[in-house]
Amino acid sequence: MLPIIALDFPTPEEATRFIARFDPKEPLFVKVGMELFYAAGPQIIRDLQAVRPVNIFLDLKLHDIPHTVERAAYQLGRLGVQLTTVHAAGGSRMITAAKAGLLAGAKDAGCPPARLLAITHLTSSDQAMLSNELSINVPLTQAVQHLAAVAQAAGADGVVASAQEVPLIRAVTAPDFLIVTPGIRPANAAVGDQVRVVTPAGAAKLGSSAIVVGRPITQAPDPVAAYAAINTEWRTHLA
Ligand code: C5P
């Protein structure tokens, strides 16, 4: 899959202006997160699609009772996005409900269904937080691996994870299970607030299905050139 550009902008105008810089003949995959979606509403999806053909990862990290998640996912399924997310910690019934909602929404809207990614443990969580606050007394890596297996069994198409976790997730999931990895930094880029970063080449070698890259592209002096360099590095090192 193409590298996914995280459109972490506060307004729809900034996001649409940003994607208009890219050659409309080149395929593009972008991530819309909570900030932009809560600011602009579902219209942001249509606004982006009106600028140019674009694949969209709508990362809203649903987590509620299964019925509520199914109804919410139905609405997301109608939008015609390619990827969306739920928290695996909501349990297998919730994940299965999200998948059912997405499929029903896409069917009613006449569009291909979005693939569902589960969030295992956020990369901002650490072992102390798991033990002291969530009372989870297994190593973080084991907890991530367990939730990935639960998510797959419940019908998720993949997970979002750190590239460093890919080998242990691959060990317990099917070869076509998607592992989408943020926390990517080219060797020369500022790390910012990310802690455990991996280069595009490193993520490809570890077996990521797709990388998510935000600030190294959106904040670059020449975002189109920064994206092209990352895409080339990623593709060159894919198995
Ligand atoms: O700017 P940067 O490349 O750090 O952006 C990464 C994107 O991936 C952000 O939108 C961030 O919220 C998201 N993300 C992440 N770590 C996760 C899940 C999502 O960095 N575990």
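No experiment lies behind these values; they were computed from the predicted model shown. Counting convention: from 1, in listed order, for ligands and their atoms alike.
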> Which option wins on minimum heavy-atom distance to atom 7 (C) of ligand 1: S124, A6, G33, P216?
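The nearest heavy atom belongs to A6.
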
> How far is atom 2 (P) of ligand 1 from its nearest protein heavy atom, and which residue and atom name does that atom have?
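Its nearest protein heavy-atom neighbour is R185 NH2, 3.5 Å.
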
> Output the list of atoms in ligand 1 that are nearer than 4.0 Å to some heavy atom of R215, sorted by atom number.
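Listed by number with element, the hits are 1 (O), 2 (P), 3 (O), 4 (O).
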
> Any N/O of K61 closer than 3.5 Å to an N/O of ligand 1?
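No.
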
> Hey, would you say the F22 and Y227 ring centroids sit under 6.0 Å apart?
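Yes, the ring of F22 comes within the 6.0 Å limit of the ring of Y227, centre to centre.
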
> As an exercise, identify every atom of ligand 1 less than 4.0 angstrom from a heavy atom of D8.
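This gives 9 (C), 10 (O) as the contact atoms.
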
> Hey, is ligand 1 close enough to V213 that some N/O pair sits below 3.5 Å?
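Min N/O separation from ligand 1 is not below 3.5 Å for V213.
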
> Students should be able to answer this: which protein heavy-atom is nearest to atom 11 (C) of ligand 1, and at what distance?
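The closest one turns out to be K31 NZ, 4.3 Å.
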
> Tell me whether D59 has any N or O atom under 3.5 angstrom from an N or O of ligand 1.
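No: no nitrogen or oxygen of D59 is under 3.5 Å from one in ligand 1.
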
> Which ligand 1 atoms, with their elements, are less than 4.0 angstrom from a heavy-atom of T123?
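In order of number, 16 (N), 17 (C), 21 (N).
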
> Quick test: of every protein heavy atom, which one is nearest to atom 20 (O) of ligand 1, and how far off is it to 0.1 Å?
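Ranked first by proximity to atom 20 (O) of ligand 1 is Q194 NE2, 2.8 Å.
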
> Does ligand 1 have an atom under 4.0 Å from some heavy atom of Q219?
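So Q219 does not count as touching ligand 1.
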
> Test side chain to side chain contact (heavy atoms under 4.5 Å, CB included) on F29 and I5; report intermediate values, then the result.
CA-CA 6 Å; F29 209 138; I5 306 174; over 6 Å; no

